A.B. asks: 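I'd like to ask you about the structure that follows.
To find a chain, count down the sequence lines: A is the first, B the second, and so on, and within it residues start at 1. Because the structure is predicted, anything quoted here is derived from the model rather than measured.
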Amino acid sequence: MTKKYWLIKSEPSAFSIEDLKKSKNQTTFWDGVRNYQARNFLRDEMKNGDQVLFYHSNTEPNAVVGVCEVVKEGYADHTQFDPENKHFFPSADPQNPTWFMVDVKFVKEFKKPVTLQDIKENSKLQNMRLIKRGNRLSVMPVEKVVFDEIVKMGSK
DNA sequence: GCCAACGTTGGC
DNA sequence: GCCAACGTTGGC
């Protein structure tokens with residue numbers, strides 16, 4: 001089983017890489033994803049040990065800020081059943097959950113965030129879904145070469 | 001704060 | 001099954 005590589009987005013005002021670092025065991029559950037394509041990745045494809053780029057969206061600057069890894073594979077996102085939670089999903093069935101999440105653990109923070117602009121300017125990264133028009137996926141696969149290149153950029 | 005792009009919902 | 005309306009994402 002070969003390791004896979006991913007990118008997950010978060011608005012730092014909601015949950016930043018600093019928050020991840022401060023979490024218990026530097027680990028958190030990645031809840032609140034309400035997109036079916038992203039759900040399928042969380043439920044079916046993200047495996048323990050997979051490496052994940054942590055991206056800050058809707059901020060200044062938008063950037064990949066570090067790396068985390070999957071430490072618990074897809075399981076039911078409990079917030080779908082909680083009427084008090086803003087991610088409550090009334091039609092969700094506890095016997096057959098609609099939404100899933102994984103746990104991710106902090107690996108490292110980049111010395112230098114790799115900004116969206118940096119990515120757009122790097123010819124090796126032009127195939128990334130992140131920079132495709134109208135992209136709104138909050139969980140997406142990335143190729144190993146792309147992952148390695150971004151880590152290299154962030155480590156300088 | 002604006003707005004384009006997109007996914008989902010619901011009426012028909 | 002179509003598609004208009006709506007809500008959300010996310011760059012700028």
A.B. asks: Roughly, in whole Å, what's the span from CG in A:Asn58 to P in B:dG1?
C.D. replies: 13 Å

A.B. asks: Reckon A:Lys120 touches a base, only the sugar-phosphate, or nothing at all at heavy-atom distances under 4.0 Å?
C.D. replies: sugar-phosphate

A.B. asks: Is the cationic atom of A:Lys72 (NZ for Lys, CZ for Arg) positioned less than 6.0 Å from the six-membered ring centroid of A:Tyr75 and within 45 degrees of its normal?
C.D. replies: yes

A.B. asks: Can you check the A:Tyr36 OH to B:dT9 C1' distance for me, whole Å?
C.D. replies: 11 Å

A.B. asks: Check for me whether the distance between the ring centres of A:Trp99 and A:Phe81 falls short of 6.0 Å.
C.D. replies: no

A.B. asks: Examine A:Phe100 and A:Trp6 and state if one hydrophobic cluster contains both, with Ile, Leu, Val, Met, Phe, Trp and Tyr joined whenever side-chain heavy atoms are less than 4.5 Å apart.
C.D. replies: no

A.B. asks: Could you give the CD-to-P distance, from A:Gln117 to C:dG11, as a whole number of Å?
C.D. replies: 13 Å

A.B. asks: For the backbone of A:Tyr5 and the side chain of A:Gln51, can you confirm whether one donor and one acceptor N or O come within less than 3.5 Å of each other?
C.D. replies: no

A.B. asks: So, is A:Lys9 near the phosphate of C:dG10, with a side-chain N or O under 4.0 Å from OP1 or OP2?
C.D. replies: yes

A.B. asks: Can you tell me if A:Tyr55 touches the phosphate of C:dT9, counting only side-chain N or O atoms and a distance under 4.0 Å to OP1 or OP2?
C.D. replies: no

A.B. asks: Which part of the nucleic acid, if any, lies within contact of A:Arg133, taking any heavy atom under 4.0 Å across all strands shown: a base, the sugar-phosphate backbone alone, or nothing?
C.D. replies: sugar-phosphate

A.B. asks: Tell me the interatomic distance from A:Met140, atom CE, to C:dG10, atom C1', rounded to whole angstroms.
C.D. replies: 11 Å

A.B. asks: From NZ of A:Lys86 over to C1' of C:dT9, roughly how many Å is that when rounded to an integer?
C.D. replies: 12 Å

A.B. asks: Within this structure, what is the CG-to-P distance between A:Leu116 and C:dG11, rounded to whole angstrom?
C.D. replies: 6 Å

A.B. asks: Rounding to an integer number of Å, can you tell me how far A:Gln80 CD sits from B:dT8 P?
C.D. replies: 15 Å

A.B. asks: Which whole-number value in Å describes the distance from A:Arg34 CZ to C:dT9 P?
C.D. replies: 11 Å

A.B. asks: Which part of the nucleic acid does A:Asn62 contact within heavy-atom distance under 4.0 Å: base, sugar-phosphate only, or nothing?
C.D. replies: sugar-phosphate

